[in-house]
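Here is the structure we will look at, set down as structure tokens.
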Amino acid sequence: MVWFLVSLLLVVSAAYAAAVVLKPSEEFDPLVDGALGLVAMWVPAAVSWFTVCRAESRRPDILLSACAVSCWAAGTTYYVLYAAAGEDVPLPSPADFGYSGFYLLMLAALAFIVRDRLRAMTWSVILDSVIGALGAAAVLCVVLDPLLNSTMGGPWTPTALLGTGYPLMDLLLVATVIGITASTGFSFGEGWVLVVLGLLLFTGADVTYALLELNHDYVLGTPLDASWAVGLALVAAWIALQARTPGRHSRRRVAVPAQTVPTLATVAGLGVLILASQERVLVLAVVLASLTLTLAILPLVFRQRLRLSQATTQARTDELTGLPNRRALYADVPERLAAARRRRSAVLLLDLDKFKEINDGLGHDVGDRLLVQVAARLSGQLRPTDLLARMGGDEFVIHLDNCGQEQAQAVALKLRAALVEPCDLGDITVHVSASIGISCYPEQGQDLTLLLRKADMAMYSAKSTRSGHAVYADGAADLIPHQFHTVQALNEALLEDQLILHFQPKIDLATGAVRAVEALVRWDHPALGLLQPEAFLARFEEAGLMPALTNVVLGRALDQAAVWAKEGQPLSVAVNLSACSVMDARLPAQVAEMVSDRGLTPSVLVLEITEDVLVGDRSRASTTLSALRGTGVRIAVDDFGKGYSSLSYLRDLPIDELKLDKSFILTMMDDTRATALVVSTIDLAHSLGLQMTAEGVENLDTYRSLSDYGCDFAQGFLVSKPLTAPELDAWFQTRGPLPSAADYVPTASQAE
Ligand code: C2E
Ligand code: CA
Ligand code: CA
């Protein structure tokens, strides 16, 4: 689409230019210079506005640039209509409002780009731009010497002012664009060369116009007019390309040396001074040239210092979010603690839940945009005296000055509430939540390292209990998170039977019978107590120990299935497979062996995979799954509907069951769209010959509705929470017969 727009711009402006050059006389031609000329002005304006509407998020830089292009088009329209009537357009005229508007709005657009993307570099860019503009002004004074010295009254006439003002503004914009590009070496939108070329064309045309106008020689309808049209088309093409460039940072680098603008300006200034020593030039030119050199060369020390302070600011700033980074945190918090003496304060460690899934499933670009939004929302909740820093990844740290434990908890609540609204990332909406750990100064630590360590432990506790936030509890004082994270601790968990399984029953909605359970792993941690999978699965994954964990879980689940079979109450068990386990080519043989070793039939085992497994190496996943299915094991797609993959795998892969994600079930009673999705997913499953399980059934209304819609199985707290094997046996004893949903009454313990 973008390239279509760019081609359109170039074709229209080229057609106009060709028509102007080829027309027989230089007289004003209503068709070429009037109609076609105006089309060549308004097509760039239209393309710019189209870009504004298409841009993923509100981008003030694009909006202002579109206004600028429209201003120019409006100015020209006035000029052409006035001239078409056979009148001589005065200088200045209302058209000049349009032209001046173009320059001011373009400058404003560039200012937004500098502010949003360069932050720490702002002063350097401004200084470089000013030097560039001064150098350009010195040269212009020489080129436009006749105009400024004209018999019409010297440099202060409107002709002289506008005649030099326009080219000067052109060059100021060029200097700024090059300054921005050079200062950071970042890509100033893909088309920064286009905008520079366009503005240089403007400069040439403006200078020629000013010199012609000196003797009132300018007439409408010469190739000069085409230069503005082509220039405007190039600017609009840049705007169209801008919308594709991510708003904040791009990893693409452009090789423009940082000193380009000051160096060019210095050479220009020197040139003017050398010329002045040989020929008569305007005093103004000499003054401007001297100023350029002074600013560019003399305060080298000052510039050096400025660069240094910018470098420091940059080193302290997180490039993505613009927040202070880890380095800044470690530098500032100790100072803040010392300055506050014994005043209480709190450190909050905030970690996004399931960020990895979003990042892996939707791409790093989406993950980055999400982090930017999260950062903005969090900072919106804080006082100016609080410090918010990004530690890295999806971890943020907040230091709340002058704040006790209760207040810190209130802030944690506020921060979590700020993340409740889904994040609109342009083409996709994402839900996030966070877990926050709190530690308090001075009771729980005198220095940042200790406070952070304790906040980290509290955060894990918040994650594992899903409480959202937690204050560090002194009981866990001797546990250092470092130990908790070590590969050794994970290995011990595997070898010393610290991993245990809870089983959650799946009820048959038609009969009320329970013939299946899902095995869910827990870590009975020697120091932290019972940990939920969210608190540790990612660590196992990082340590490459996931296949080992899967092995342990499979072994224990099948052991338990064998016990139940022996007791005359056969239950099938579902085991969750992580992505890397599915990729493991040895898995089918292992599973077959484990099942037969225990004398079980393979259909007793269900393996649950999630959709994101299929996003990666589909063919490899498909090979393993087919081999697994070949052994007689059943395959279920877990968290169905939550993933972001296309549904084509349903056609290609061997699957027996879909487990609709609990987010749909939890909301289906209040949200008609969720209900519609549930109903149609049940139909989809059945028409593909698959069985359908609803997860997260928490109340009787949902249970009854699912039964009405023809769903096959339900799993959720209404039926039972995940229980240990002995608890599950007891549950079977106490639960009454459940012939159908209508008769189902939860027992007190299940309803809790
Ligand atoms: P999952 O496979 O979607 O498991 C269902 C989760 O939903 C369980 O959380 C269960 O406790 C919870 N749940 C059950 N009924 C309800 C309900 O009515 N309402 C709500 N709100 N939640 C309900 P759990 O046990 O914490 O497991 C979390 C996730 O950890 C699992 O999600 C699964 O993805 C992963 N996991 C658990 N065990 C294993 C394992 O052995 N291996 C692997 N690779 N992943 C596992
Ligand atoms: Ca599962
Ligand atoms: Ca699930």
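- Side-chain atoms of D638 and N576, non-hydrogen and from C-beta on, do get closer than 4.5 Å to each other.
- Expressed to the nearest 0.5 Å, how far OG of S663 lies from CG of D639 amounts to 8.5 Å.
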* **Full working for side-chain contact (heavy atoms from CB on, under 4.5 Å) between Q405 and I438** => CA-CA 8 Å; Q405 181 174 315; I438 304 170; 5.8 Å; no
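- Although no hydrogens or angles enter the test, the distance criterion places a donor-acceptor pair under 3.5 Å between the side chain of Q444 and the main chain of Y472.
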* To do: Could you give me the CA-CA distance, side-chain angles and deciding distance for E534 and K354, then say whether salt bridge (Lys or Arg N to Asp or Glu O under 4.0 Å) is met?
  => CA-CA 9 Å; E534 257 168 34; K354 314 224 161 143; 3.6 Å; yes
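- Contact record, L371 with T321: O-CG2, 3.9 Å, taken as the closest heavy-atom pair.
- Residues K356 and N359 have side chains not in contact (no heavy-atom distance under 4.5 Å, counting atoms from C-beta outward).
- In this structure, the side chains of L706 and T702 come closer than 4.5 Å at one or more pairs of heavy atoms.
- In this structure a side-chain-to-backbone donor-acceptor pair under 3.5 Å is present from E611 to G641.
- Residues forming a side chain to side chain contact (heavy atoms under 4.5 Å, CB included) with S705 (at least two apart in sequence, or on another chain): M668, M669, Y709.
- With sequence neighbours excluded, no residue forms a side chain to side chain donor-acceptor pair (under 3.5 Å) with D701.
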* To do: Under the side-chain contact (heavy atoms from CB on, under 4.5 Å) rule, what do T51 and R54 come out as? Steps first, then yes or no, please.
  => CA-CA 5 Å; T51 306; R54 258 170 37 105; 5.7 Å; no
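- Residues passing the side chain to side chain donor-acceptor pair (under 3.5 Å) test with E727 are T724, sequence neighbours excluded.
- Going from atom CG of L382 over to atom CZ of R377 covers 14.5 Å, rounded to the nearest 0.5 Å.
- Salt-bridge annotation for R344 and E443: present, with a side-chain N of the basic residue lying under 4.0 Å from a carboxylate O of the acidic one.
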Can you list, pair by pair, the side-chain donor-acceptor contacts under 3.5 Å of residues 384-401, counting residues two or more places apart and other chains?
unit_1, atom_1, unit_2, atom_2, d
D386, OD1, R383, NE, 3.2
D386, OD1, R383, NH2, 2.8
D386, OD2, R383, N, 2.9
D386, OD2, R383, NE, 3.3
R390, NE, G393, O, 3.0
R390, NH1, D318, OD1, 3.0
R390, NH1, D318, OD2, 3.0
R390, NH2, G393, O, 3.2
H399, ND1, R336, NE, 2.8
H399, ND1, R336, NH2, 3.2
H399, NE2, S345, OG, 3.0
D401, OD2, R343, NH2, 2.9

* Please assess E496 against N491 for the test side chain to side chain donor-acceptor pair (under 3.5 Å), listing each intermediate value before the final yes or no. => CA-CA 8 Å; E496 294 176 10; N491 268 315; over 6 Å; no
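- By the side chain to side chain contact (heavy atoms under 4.5 Å, CB included) test, S467 pairs with A462, T465, A470, sequence neighbours left out.
- The minimum heavy-atom distance linking A328 with P324 is given by the pair CB-CB, 3.7 Å.
- For D424 and Q373, the side-chain atoms include no donor-acceptor pair closer than 3.5 Å.
- The ring-ring contact (aromatic ring centres under 6.0 Å, His included) search around F503 returns W564, not counting sequence neighbours.
- Shown here are the side chain to side chain donor-acceptor pair (under 3.5 Å) partners of T449, two or more places apart in sequence or in another chain: there are none.
- By the 4.5 Å heavy-atom criterion applied to side chains, V374 and V432 are counted as neighbours.
- Summarising the geometry, atom OG1 belonging to T550 is positioned 10.5 Å from atom CZ belonging to F540; distances are rounded to the nearest 0.5 Å.
- For the pair I665 and G696, the tightest heavy-atom approach, listed with the atom from each and the gap, is CG2-O, 3.7 Å.
- Put simply, the side chain of I682 does not reach to within 4.5 Å of the side chain of L660, judged on heavy atoms.
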* **side-chain contact (heavy atoms from CB on, under 4.5 Å) between L520 and L501, intermediate numbers included** => CA-CA 6 Å; L520 294 156; L501 293 187; over 6 Å; no
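- Looking only at side-chain heavy atoms (C-beta outward), K721 and H502 stay at 4.5 Å or farther from each other.
- Take K463 and apply the side chain to side chain donor-acceptor pair (under 3.5 Å) test, not counting sequence neighbours, and it matches D351, D353.
- Pairs engaging residues 433-442 under the salt bridge (charged side-chain N to carboxylate O under 4.0 Å, His left out) rule: none recorded [sequence neighbours left out].
- Applying the side chain to side chain contact (heavy atoms under 4.5 Å, CB included) rule to E698 yields the partners L666, F717; only residues at least two apart in sequence or on another chain are considered.
- Looking only at side-chain heavy atoms (C-beta outward), Q409 and V471 come within less than 4.5 Å of each other.
- No hydrogens or angles considered: a donor-acceptor pair under 3.5 Å links the side chains of Q715 and K659.
- Atom CD of residue E695 and atom NZ of residue K506 lie 9.0 Å apart, to the nearest 0.5 angstrom.
- Between W523 and H525, the two ring planes are tilted [angle within 30° to 60°].
- In this structure a side-chain-to-backbone donor-acceptor pair under 3.5 Å is present from Q504 to S720.
- Side-chain atoms of T681 come within 3.5 Å of backbone N or O of L677 as a donor-acceptor pair.
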* Asked: Would T675 and F664 satisfy side-chain contact (heavy atoms from CB on, under 4.5 Å), going step by step from the backbone distance to the final call?
  -> CA-CA 8 Å; T675 321; F664 298 98; over 6 Å; no
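- With sequence neighbours left out, L450 forms a side chain to side chain contact (heavy atoms under 4.5 Å, CB included) with D447, R453, K454.
- Closest approach of A519 to V575, counting heavy atoms only: CB-CG2, 4.4 Å.
- We find the CZ-CZ distance between R316 and R326 to be 14.5 Å, quoted to the nearest 0.5 Å.
- When all heavy atoms are compared, the tightest approach of M459 to L349 is CG-O, 3.7 Å.
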N/O donor-acceptor pairs under 3.5 Å from side chains in residues 412-423, not counting sequence neighbours:
unit_1, atom_1, unit_2, atom_2, d
K414, NZ, Q381, O, 3.4
R416, NH1, H469, ND1, 2.8

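- Counting all heavy atoms, side chain and backbone alike, V521 lies closest to V553 at CG2-CG2, 3.9 Å.
- To the nearest 0.5 Å, the span separating OG1 on T693 from CD1 on I507 amounts to 12.0 Å.
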